[in-house]
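Atoms within each ligand, like the ligands themselves, are counted from 1 in listed order. This structure is a prediction, so every number in the text was calculated from the model and none was measured.
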Amino acid sequence: MRQSTIGVWAGEEGPKDDGSSHLSIVARISFDYPSAAQWADVALGRRPGHIYSRNSNPTVNVFEEKVRCLEEAEAATSFASGMAAISNTLGALLRPGDRVVSITDTYGGTHRLFTEFLPQMGIAVELYDPNDEDSLVRAIARGCRLVYLESPTNPTLKIVDLQKLADAAHTVGALVVTDNTVATPINQNPLKLGSDLVVHSASKFLGGHGDALGGAIAGSTELVTRVFRYREINGAALDPFAAFLLARGIRTLELRVARQNENALAVARFLESHCAVDRVFYPGLESHPKHDTAAKQMRGFGGMLSFTIRDTASRGVTAFLDRLRLARKAASLGHVETMAGTPATTSHVECTAAQRAAMGIPDTLVRYSVGIENVADLIEDLQKALN
Ligand SMILES: *Cc1c(COP(=O)(O)O)cnc(C)c1O
């Protein structure tokens, strides 16, 4: 099946166990069986089935199957949020004394895991500028347990060459984990570019409507099972109601992302031509320093972009944001409606101003997550606010 078909049908082929035509929310903690022997068979893994929803749940399984098929993976599992997916993956795969190599520009919450919590557990983390791939390759070659990547990055849309860094990691026997939230599986499949595990915040594009938190990972059965076994005990299970909303969102993922790709490119071109705009960060623009790498590893350039306006006083940014009508001023991205904000109050609110500056994120940057609206309306709205 192709992606738009997967979104609609994966995990939902054939009649439902409960006779309903569409996915049900199985709001149940436990599952009962007609006999103790059948219960034991399921509990001991001799027959498929569910025992307790912290471990597995039928509604949650449908969401997982959609992610698995979209990433063309052997296995997938889910979590209560994107951060739960990331922290459980790192918690399951790392041991005291391990070394992790990553980039300075990971998602703000991930950055805090790297700078605050993993070091507390005796895990050394080295972070490099994503634009300095030579330093990254040299750091990986010195030997490490895990390489953690994100491309495009949030919020400055930096691109790393996923295949090149995965090859470097595999030379030293390291695992590669890639956060694919910003790209979405519609635009990029890191597992096909050498990554061992792909991580998603389903709260963003996958769900797409800003009404459910969730996370997922996909990869080999062996690796996904290791992380799943940790999550079962750690307890960061996805709620069936959230899984229902996320599965509903995925049914239109391909349609939404195709529109968002188109809208974002048109908005980026418009912004680049406007005299009040200083810099535009979007991998689909020829002016992006890694446009060629992006074009090689992505099928579309995604729905998120960022830019700085020429008035560098932060008052200028807030005045501009207040004049936008067709953009929710709220944290998050990847939803049907356009959202705008500054990283200081959204993706990198966990970081200090000094840390943001070190990551090359000016406090005057505007992150603009493009929705599925008519792009002419968005451009008119931007034009008015900029003028
Ligand atoms: C939002 C986000 C996360 C965290 O996801 P939550 O669902 O909010 O926990 C991780 N990575 C990226 C790139 C994100 O945008």
Side-chain angles (χ1 to χ4, degrees), residues 60 63-64 67 71 77-91 102-115 117 127 130 148-160 162 177-188 190 195 197-218 227 231 234-239 241-243 245-246 249-250 257 260 264 281 283 298 301-306 328 330-335 339-343 345-351 359 361 365 367-370:
V60 171
F63 163 71
E64 291 169 343
V67 174
E71 290 291 7
T77 194
S78 61
F79 304 84
S81 68
M83 280 316 302
I86 295 164
S87 58
N88 278 266
T89 298
L90 297 171
S102 187
I103 54 174
T104 45
D105 297 40
T106 51
Y107 178 72
T110 312
H111 187 77
R112 272 196 59 190
L113 283 178
F114 287 157
T115 52
F117 296 106
L127 305 179
Y148 187 97
L149 302 173
E150 210 176 302
S151 183
T153 63
N154 175 6
T156 50
L157 288 298
K158 291 185 185 136
I159 298 288
V160 293
L162 294 176
V177 177
T178 300
D179 184 334
N180 202 30
T181 301
V182 173
T184 82
I186 303 304
N187 287 328
Q188 174 173 277
S195 297
L197 276 178
V198 55
V199 182
H200 280 284
S201 167
S203 325
K204 312 294 170 57
F205 289 93
L206 296 186
H209 294 73
D211 49 12
L213 278 174
I217 61 166
V227 181
R231 191 221 68 195
N234 180 286
L238 180 61
D239 180 78
F241 187 62
L245 291 172
L246 297 172
I250 291 181
V257 172
Q260 285 164 314
F281 304 91
M298 302 178 81
F301 298 107
M304 192 176 86
L305 56 92
S306 59
R328 267 190 223 296
S332 201
L333 60 103
H335 302 162
M339 303 180 84
T342 63
T345 52
T346 58
S347 60
H348 288 67
V349 69
E350 289 95 345
C351 303
M359 283 181 257
I361 301 171
L365 188 79
R367 186 180 76 182
Y368 192 83
S369 170
V370 187

(message) Check whether Arg367 reaches the backbone of Ser332 with its side chain - one donor and one acceptor, N or O, closer than 3.5 Å.
(response) yes
(request) Say whether Thr153 and ligand 1 are in contact under the criterion: heavy-atom distance to a ligand atom below 4.0 Å. (result) no
(message) Need the ligand 1 atom indices (1-based, order shown) with element for anything under 4.0 Å from a heavy-atom of Ser203.
(response) 6 (P), 7 (O)
(message) Distance under 4.0 Å to a non-hydrogen atom of Asn154: what atoms of ligand 1 satisfy this?
(response) 15 (O)
(request) Kindly compute the distance separating CE (Met83) from OH (Tyr107), expressed to the nearest 0.5 Å. (result) 7.0 Å
(request) Kindly say whether Gly334 contributes a backbone atom to a donor-acceptor pair with the side chain of Ser369 at under 3.5 angstrom? (result) yes
(request) Considering only non-hydrogen protein atoms, determine which one is nearest to atom 14 (C) of ligand 1 and report residue, atom name and distance to 0.1 Å. (result) Lys204 NZ, 2.9 Å
(request) Consider only side-chain N and O atoms of Thr181 and Asp179, and report whether a donor and an acceptor are under 3.5 Å apart. (result) yes
(message) How long is the straight-line distance from CG of Leu157 back to CZ of Phe301, given to the nearest 0.5 Å?
(response) 11.5 Å
(request) Report, in ascending order of atom number, the atoms of ligand 1 lying under 4.0 Å from any heavy atom of Gly82. (result) 5 (O), 6 (P), 7 (O), 9 (O)
(request) Nearest 0.5 Å please: distance from the CD1 atom of Ile86 over to the CG atom of Leu197. (result) 12.0 Å
(message) Out of all atoms in ligand 1, which are within 4.0 Å of some heavy atom of Ile86? Include the element for each.
(response) 10 (C)
(request) For atom 4 (C) of ligand 1, grab the closest protein heavy atom and report residue, atom and distance to one decimal in Å. (result) Tyr107 CE2, 3.4 Å
(request) Look at atom 5 (O) of ligand 1 and say which protein heavy atom is nearest, naming residue and atom and giving the distance to 0.1 Å. (result) Ser201 OG, 2.9 Å
(request) Enumerate the atoms of ligand 1 whose separation from the nearest heavy atom of Asp179 is less than 4.0 angstrom. (result) 10 (C), 11 (N), 12 (C), 13 (C)
(request) Give the residue, atom name and distance (to 0.1 Å) of the protein heavy atom nearest atom 9 (O) of ligand 1. (result) Met83 N, 2.8 Å
(request) Calculate, to the nearest 0.5 Å, the distance between atoms NE2 and CG belonging to His111 and Leu127 respectively. (result) 6.0 Å
